[in-house]
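Take a look at the structure set out below.
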2 protein chains.
Amino acid sequence: MKPVNDNAQGLLALRLSAHLPFGRSEHELLTGVPWRTEEMAARHAFIREGDRPTHSCLIVRGIVVRSQYGADGQRQILSVHIPGDMPDLQSLHIRSMDHDIETVSAARIAFVTHDDLRRLCDASAHLAAALWRESLIDAALFRAAIFRNAQLGAEARLAHFLCEMQLRHAAVDLVIDGGFDFPMSQELIGEVLGLTVVSINKAAQALRAQNLIRMEKGRVVVLDWDGLVRFGQFDGSFLHMEQPQRPLAAAS
Amino acid sequence: MKPVNDNAQGLLALRLSAHLPFGRSEHELLTGVPWRTEEMAARHAFIREGDRPTHSCLIVRGIVVRSQYGADGQRQILSVHIPGDMPDLQSLHIRSMDHDIETVSAARIAFVTHDDLRRLCDASAHLAAALWRESLIDAALFRAAIFRNAQLGAEARLAHFLCEMQLRHAAVDLVIDGGFDFPMSQELIGEVLGLTVVSINKAAQALRAQNLIRMEKGRVVVLDWDGLVRFGQFDGSFLHMEQPQRPLAAAS
DNA sequence: CGCACCCTTGACAATTGTCAAAATGCGTGG
DNA sequence: CCACGCATTTTGACAATTGTCAAGGGTGCG
């Protein structure tokens with residue numbers, strides 16, 4: 001297991017080829033695309049509702065969230081994105097953004113122009129399908145969120161969310177010693193799960209009390225994967241990974 | 001305003017060309033695809049979690065919902081689909097279904113093979129993009145549902161949902177006399193909004209009391225579009241229609 | 001040192017769920 | 001045509017969950 005690739009081409013190629021392994025020509029097309037990488041501060045909304053982006057982005061390092069605002073300013077976080085994700089692929093085919101995208105922690109984000117992506121898709125229906133698939137997985141995350149927020153109580157909701165995070169981090173080799181770095185405050189997690197800080201805090205304590213997780217500032221460790229899965233009624237199949245439904249758990 | 005097209009090719013061509021108008025060759029490709037149409041009874045789950053479909057479907061008549069089940073059998077409806085929608089386009093690129101698709105009312109559903117769709121996409125990157133776009137709109141509906149269910153109280157939630165339904169029905173000319181046929185029971189609406197029948201019932205009464213809607217069995221009429229929009233904090237831009245953000249309201 | 005920011009805790013309020021039962025409407029068969 | 005049964009809508013009393021408000025404590029950083 002090498003450390004995670006922190007170069008945009010590599011990350012993307014790895015990701016796309018995971019499900020539809022492709023040939024040399026596609027690989028060359030992919031690595032030929034120019035990326036512009038940018039370092040960003042925490043809490044920076046770099047795409048806003050109403051924007052008409054000309055680029056899509058790929059997260060290389062850090063955490064990024066999509067959010068939508070209500071009439072009286074309440075924020076709902078629609079999804080949480082980690083390295084390897086392309087959270088605004090949709091802007092390739094939908095002109096205008098219907099939500100914001102912003103960093104949580106400091107982050108490194110790579111940008112590619114829509115024109116380049118379109119060239120890629122025109123040149124290879126195979127690559128187009130792979131990118132399309134990525135956007136479909138994104139939709140699957142949304143479905144899971146709808147289920148979670150509507151059907152689970154506060155504690156199970158948090159458990160479900162942490163299961164998802166653990167699995168997605170594992171998929172990009174970001175699970176180390178049974179856990180992952182996670183710079184979201186409880187307040188932010190509340191905005192993901194549709195709960196207040198207070199409820200998140202109590203839920204977190206409940207999960208800790210049952211020895212399911214450890215949750216310190218900036219880091220989450222899953223102590224009992226099976227238990228957490230059961231508790232959160234988590235069924236990871238919506239992530240549609242070929243791989244290890246089960247993250248190499250076991251904390252020290 | 002003609003009556004809605006009830007032929008699959010026509011519906012799809014209309015839908016796809018709305019945003020990316022395309023040429024004669026694409027039109028021919030599209031109309032060359034063979035569809036198999038099927039009449040279905042109400043409450044029939046014709047695609048199930050775990051299935052690996054070889055076809056995608058288009059709703060010609062009737063209402064269809066996606067649903068996912070929790071550990072103890074509770075159902076969450078993830079989205080509601082009306083004529084013109086292709087609710088399982090994703091199965092084209094994601095092998096295994098992570099949810100069920102079932103009819104609410106009796107429905108006419110048209111099926112097309114994945115192979116045919118893939119041929120279409122290979123033949124025209126333009127058509128591929130149009131189909132991709134459809135799946136992205138689907139994702140936008142999910143986002144709206146996440147926002148709605150987490151941020152709005154019961155009454156506003158119902159208002160928001162009805163706004164969405166009105167607009168989507170309007171987009172396929174299914175708004176007649178200011179309303180649309182809607183065979184979902186309050187129980188089912190509850191499963192969409194993450195509320196119980198009791199809450200839906202009370203919310204419906206509240207909206208009726210304010211003269212925002214009429215809601216009889218099998219039919220919804222929007223009496224005061226602007227009021228309903230305000231009440232439900234509804235912003236229809238997530239539907240990404242070019243057209244009339246405002247459905248030809250006005251009931252008799 | 002002091003200021004943010006975050007986590008934690010407690011008392012109380014508000015919303016929604018649960019349970020139960022009555023009322024309404026619709027289709028079917030007698 | 002009417003009666004019956006079934007699904008759906010409606011209502012009310014009560015319980016449970018979560019939100020709100022407020023305050024205290026910890027930690028890191030300038």
Side-chain angles (χ1 to χ4, degrees), chain A residues 41-44 63 70 72-77 103-106 148-162 181-209 213-221 231-232, chain B residues 41-44 63 70 72-77 103-106 148-162 181-209 213-220 231:
Chain A
R43 295 157 181 273
H44 172 50
I63 299 266
D72 25 330
Q74 349 84 290
R75 172 169 65 173
Q76 175 64 34
I77 294 182
T103 58
V104 169
S105 54
R148 167 169 66 210
N149 292 355
Q151 295 294 337
L152 304 181
E155 298 175 9
R157 224 181 281 184
L158 179 59
H160 188 284
F161 175 64
L162 293 177
D181 289 342
F182 199 58
M184 291 187 78
S185 68
Q186 295 184 357
E187 175 107 42
L188 279 184
I189 295 176
E191 287 173 357
V192 176
L193 302 180
L195 296 166
T196 56
V197 213
V198 178
S199 294
I200 295 292
N201 190 277
K202 286 177 179 156
Q205 285 176 52
L207 298 186
R208 280 192 282 242
I213 59 164
R214 238 162 43 208
M215 198 173 159
E216 311 138 10
K217 197 172 189 324
R219 184 166 170 80
V220 172
V221 178
F231 197 89
Chain B
R43 294 156 182 272
H44 172 50
I63 298 267
D72 26 328
Q74 351 83 290
R75 172 169 65 173
Q76 174 64 35
I77 294 181
T103 58
V104 170
S105 55
R148 166 168 68 210
N149 292 354
Q151 294 295 336
L152 304 180
E155 298 175 9
R157 226 182 281 184
L158 179 59
H160 188 284
F161 175 64
L162 293 178
D181 289 341
F182 199 59
M184 289 187 79
S185 68
Q186 296 184 357
E187 175 108 42
L188 278 185
I189 296 177
E191 287 173 356
V192 176
L193 302 181
L195 296 166
T196 57
V197 213
V198 178
S199 294
I200 295 292
N201 189 277
K202 287 178 179 156
Q205 287 176 51
L207 298 186
R208 280 190 283 241
I213 58 164
R214 240 163 41 208
M215 196 171 159
E216 310 139 12
K217 196 170 190 321
R219 186 168 168 78
V220 172
F231 197 88

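Being a predicted model, the structure only gives us computed values, none of them experimental. In what follows, chains carry the letters A, B, and so on, assigned in the order in which the sequence lines appear, proteins first and then strands, with residues in each chain numbered from 1.
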Quick check against the 3.5 Å criterion: does [X] have a side-chain atom that pairs as donor or acceptor with the backbone of [Y]?
X: A/R43; Y: A/V104; answer: no
X: A/S105; Y: A/A42; answer: no
X: A/Q76; Y: A/E191; answer: yes

Given atom [atom1] of [X] and atom [atom2] of [N], what is their separation to the nearest angstrom?
X: B/I213; N: D/dT9; atom1: CD1; atom2: C1'; value: 14 Å
X: A/I200; N: D/dT20; atom1: CD1; atom2: P; value: 13 Å
X: A/L193; N: D/dT17; atom1: CG; atom2: C1'; value: 15 Å
X: A/E216; N: D/dG28; atom1: CD; atom2: P; value: 12 Å
X: B/Q74; N: C/dT18; atom1: CD; atom2: P; value: 10 Å
X: B/L195; N: D/dT18; atom1: CG; atom2: C1'; value: 14 Å
X: A/R219; N: C/dC7; atom1: CZ; atom2: P; value: 16 Å
X: A/Q151; N: C/dG17; atom1: CD; atom2: P; value: 10 Å

Does a side-chain N or O from [X] land closer than 4.0 Å to OP1 or OP2 of [N], or not?
X: A/N201; N: C/dT8; result: yes
X: A/S199; N: D/dG19; result: yes
X: B/R157; N: C/dT15; result: no

Nucleotide N/O to protein N/O under 3.5 Å, stretch nucleotides 4-6 of chain C:
residue: C/dC6; atom: OP1; partner: A/R43; partner atom: NH2; Å: 2.7

Identify the heavy atoms of A/R148 and A/F161 that sit nearest to each other, and give their distance.
->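 Closest approach of A/R148 to A/F161: NH1-CA, 3.4 Å.
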A/Q186 to A/A204 - nearest heavy-atom pair and separation =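 Nearest heavy atoms, A/Q186 then A/A204: NE2-CB, 4.5 Å.
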Nucleotide nearest [X] when distance is taken to its side chain, options [options]:
X: A/K202; options: D/dT10, C/dG10, C/dT8; value: C/dG10
X: B/V198; options: D/dT18, C/dT18, C/dT8; value: C/dT18
X: A/Q205; options: D/dG19, C/dT9, C/dG17; value: C/dT9

Counting any heavy atom closer than 4.0 Å, what does B/G190 reach on the DNA or RNA strands: base, sugar-phosphate only, or nothing?
->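 The answer is nothing, as B/G190 stays clear of every strand by at least 4.0 Å.
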Taking A/L188 as the fixed residue, which of A/I77, A/I63, A/V197 is the one that meets the side-chain contact (heavy atoms from CB on, under 4.5 Å) rule?
->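 Filter result, single survivor: A/I77.
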Salt bridge A/R214-A/E216, side-chain N to carboxylate O under 4.0 Å =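 Salt bridge: yes.
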Most 5' of A/A204 and B/G153 on DNA chain C, judged by nearest nucleotide =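 In this pair, the answer is A/A204.
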